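Okay, so here's the structure we're looking at.
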Amino acid sequence: MPVVSIDQVASHVGKEITLRGWLYNLRESGKLIFPQFRDGTGVIQGVVSRTENPDAFQALSGLPQESSLEVTGLVRADARAPGGYEMQVTAVTIIQKITEPYPIQLKEHGVDFLLENRHLWIRTPRQAAILRIRDEAIFAAREYMHKQGYVLTDSPIFTPSSCEGTTNLFEVDYMDDRKAYLTQSGQLYVEATAAALGKVYCFGPAFRAERSKTRRHLTEFWMLEPEAAFARMDDMMALAEGLITHIIQSAVEHCPKELDTLKRDVKLLETVRPPFPRISYDEAIEILHKHGNPTPWGEDFGGDEETILSSEHGRPVIVHHFPSAIKAFYMQPDPQRPELALGFDILAPEGYGEIVGGGERISSYELLMERLRQNDLPEEPFRWYLDLRRFGSVPHSGFGLGLERTVAWITGAEHIREVIPFPRTIYRIYP
RNA sequence: UGGGGCGUGGUCCAAUUGGUAGGACGCUGCACUGUUAAUGCAGACGGUGGAGGUUCGAAUCCUCCCGCCCCAGCCA
């Protein structure tokens with residue numbers, strides 16, 4: 001008997017197949033029972049009649065949710081079945097019968113309980129759909145970068161110092177009484193590989209000990225960070241635009257079932273096409289003032305400001321030319337207006353916040369030294385980074401794309417913790 | 001790091017503001033040949049986050065502690 005996954009049953013109508021998986025739910029109705037099976041690719045309803053198949057009926061009758069099993073039966077199209085297909089079960093092999101109540105019910109649960117049982121929560125259709133979309137997003141992102149000629153050069157996770165200041169770093173014991181820090185960004189290292197290979201990117205986890213407790217923050221999140229020699233800010237805005245569009249459209253194209261499971265309004269994603277609106281920081285301040293938001297020039301934007309700026313467009317919005325004072329030390333100043341940095345942020349629609357931050361990096365040795373001193377950063381750990389400005393320095397630019405915020409936006413997730421298999425937040429490191 | 005909020009059976013919630021802590025789900029059993037988080041009936045188990053205090057009496061009021069949630073800041 002061929003073993004078929006549930007997402008393939010449509011092409012096996014009228015045939016007898018075997019499914020391997022778990023009992024998702026069981027509805028009993030007298031001499032008929034309707035077990036629902038799941039195998040990770042989907043859920044299908046079975047039908048078993050006591051009179052026609054007493055052995056299978058007895059095996060499934062009263063079987064607790066999430067017991068593991070192998071079932072064989074005839075696939076039929078039936079409008080009465082959820083999903084349109086069902087299996088008329090002929091044979092059942094129980095692999096493990098659960099002997100205690102399964103913790104996750106098909107009812108409502110609180111956030112704390114679900115996170116405490118994250119290892120089981122991910123078995124539910126909604127969570128499984130989110131994780132599949134996450135996979136699609138990662139695949140699409142790497143595919144796009146590869147096709148654009150970018151080489152994956154991953155940055156180290158242990159680092160000797162910080163990228164953007166010494167606070168918010170996780171310190172760990174290294175060898176022989178030395179200290180190391182978990183990376184908060186791979187950017188500095190891709191600047192080095194960009195000088196070696198031209199167009200590069202890294203993709204991996206970043207760690208921030210920020211005591212943030214919002215729905216947009218994790219202490220461990222994944223970031224994709226391109227860096228290109230000779231690229232300017234405009235090049236990076238175009239790359240980010242193309243990358244985001246490709247990720248979104250790949251998800252729309254390849255994950256319709258998952259988006260449907262999540263009841264996501266796909267129209268809000270289909271409209272995501274280039275070009276994205278580009279707003280300078282100066283213009284953004286004007287827009288905010290028109291909307292009665294009093295943010296003075298020189299201040300950074302918060303959630304409210306981001307929502308105002310992104311609300312008018314069905315696409316992400318690019319804000320560029322921020323004041324240098326509110327951006328990282330390595331940002332190249334605008335030659336026309338040195339008080340501005342050649343940096344940009346991309347704000348996702350629907351309040352999902354900043355998903356990209358990037359810009360052009362300082363290429364001058366002298367200016368970089370000056371900025372290190374201004375920010376009270378030690379010179380020694382940055383010696384290698386300064387070398388990049390001593391040996392064939394060129395203009396170069398890059399950005400960081402936050403994977404979880406992007407996936408949260410695609411899936412319409414209420415909280416970013418739903419879009420990573422095992423979220424790490426300020427108060428939770430279990431399971 | 002500030003501001004606000006919440007902790008009641010395994011889970012999700014109630015308790016008329018200080019007066020006998022209940023219900024639903026889940027679990028067990030029975031009934032039911034088209035269920036859609038099935039339904040109906042019956043049954044069993046089981047709880048006020050912790051420590052003090054006020055009071056004749058505390059889930060309820062006070063103090064401290066613990067856990068969690070939301071918002072802001074910071075950022076992706």
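Below, each value reflects all heavy atoms present in this structure, side chains not excepted, and no hydrogens, waters or symmetry copies. Throughout, a chain's letter reflects where its sequence line sits, starting with A, and its residues are numbered from 1. What you see is a predicted model; the values in this text were computed from it and never measured.
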* To do: Would you sort out whether Asp7(A) and Lys257(A) count as a salt bridge (charged side-chain N to carboxylate O under 4.0 Å, His left out), showing the intermediate values?
  => CA-CA 10 Å; Asp7(A) 60 347; Lys257(A) 265 198 324 192; 5.0 Å; no
Residue matched to [N] through Watson-Crick or wobble contacts both under 3.5 angstrom:
N	answer
G52(B)	C62(B)
C6(B)	G67(B)
A72(B)	U1(B)
G26(B)	none
C45(B)	none
A15(B)	none

From the list [options], which nucleotide is the closest neighbour of the side chain of [X]?
X	options	answer
Asp112(A)	U35(B), C68(B), A76(B)	C68(B)
Ser49(A)	C71(B), U33(B), G34(B)	U33(B)
Lys213(A)	C71(B), C75(B), U35(B)	C71(B)
Lys31(A)	U33(B), G34(B), A76(B)	U33(B)
Val111(A)	C69(B), C75(B), A76(B)	C69(B)
Phe34(A)	U35(B), A72(B), G10(B)	U35(B)
Leu115(A)	C75(B), C69(B), C27(B)	C69(B)

* Mapping Ala81(A) and Gly400(A) to their closest nucleotides on RNA chain B, which lands nearer the 5' end? ->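 Closest to the 5' end, via its nearest nucleotide, is Ala81(A).
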* To do: Return the 5'-most residue of the pair Gln36(A), Thr425(A) with respect to RNA chain B, ranking by each residue's nearest nucleotide.
  =>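 That would be Gln36(A).
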Side-chain donor or acceptor of [X] under 3.5 Å from a matching atom on the base of [N]?
X	N	result
Ser212(A)	C75(B)	no
Glu108(A)	U11(B)	no
Glu28(A)	G34(B)	no
Thr51(A)	U33(B)	yes

Using a cut-off of 4.0 Å on non-hydrogen atoms, how would the nucleic acid contact of [X] be classed: base, sugar-phosphate, or nothing?
X	value
Ala206(A)	nothing
Ile33(A)	nothing
Phe113(A)	sugar-phosphate
Gly353(A)	nothing
Arg76(A)	base
Glu86(A)	base
Tyr427(A)	sugar-phosphate
Asp78(A)	base
Gln45(A)	base

Is [X] near enough to [N] that one of its side-chain N or O atoms lies under 4.0 angstrom from OP1 or OP2?
X	N	result
Arg417(A)	C70(B)	yes
Arg208(A)	C75(B)	no
Arg428(A)	G67(B)	no
His217(A)	G73(B)	no
Arg215(A)	A76(B)	no

* **Aromatic stack His109(A)/U11(B): centroid gap under 5.5 Å, interplanar angle under 30°** =>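 No, the aromatic ring of His109(A) does not stack with the base.
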* To do: Whole angstrom is fine here: how far is it from CD in Gln105(A) over to C1' in G9(B)?
  =>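 After rounding, the reported distance stands at 13 Å.
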* Should the ring pair Tyr189(A) and Trp384(A) be called parallel, tilted or perpendicular, given that the plane angle runs from 0 to 90° and is split at 30 and 60? ->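 Because their plane-to-plane angle is under 30°, the rings of Tyr189(A) and Trp384(A) count as parallel.
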* May I ask you to decide if the ring planes of Phe207(A) and Phe170(A) are parallel, tilted or perpendicular, using 30° and 60° as cut-offs? =>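 Answer is perpendicular, since the angle exceeds 60°.
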* Asked: Rounded to the nearest 0.5 Å, how far does CG of Leu60(A) lie from CZ of Arg50(A)?
  ->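 Reported value, rounded in 0.5 Å steps: 13.5 Å.
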I'd like the [atom1] distance from [M] over to [N], given in whole Å.
N	M	atom1	result
U17(B)	A59(B)	C1'	12 Å
C69(B)	U55(B)	C1'	33 Å
C12(B)	G5(B)	P	22 Å
G19(B)	C32(B)	C1'	46 Å
A14(B)	C61(B)	P	15 Å
A51(B)	U8(B)	P	16 Å

* Asked: So does Arg232(A) pair up with Asp234(A), basic N to acidic O under 4.0 Å?
  ->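 Salt bridge flag = no for Asp234(A) with Arg232(A).
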* Asked: Is the shortest distance from a Lys or Arg side-chain nitrogen in Arg123(A) or Glu66(A) to a carboxylate oxygen in the other one below 4.0 Å?
  ->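 Yes, Arg123(A) and Glu66(A) are salt-bridged.
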* What closest approach, in Å, do Tyr150(A) and Glu227(A) show between heavy atoms, and which atom pair accounts for it? ->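 Nearest heavy atoms, Tyr150(A) then Glu227(A): CE2-O, 3.9 Å.
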* To do: Find out whether Arg264(A) and Leu269(A) are in side-chain contact, i.e. whether some heavy atom of one side chain is under 4.5 Å from a heavy atom of the other.
  =>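 Yes - at least one pair of side-chain heavy atoms lies under 4.5 Å apart.
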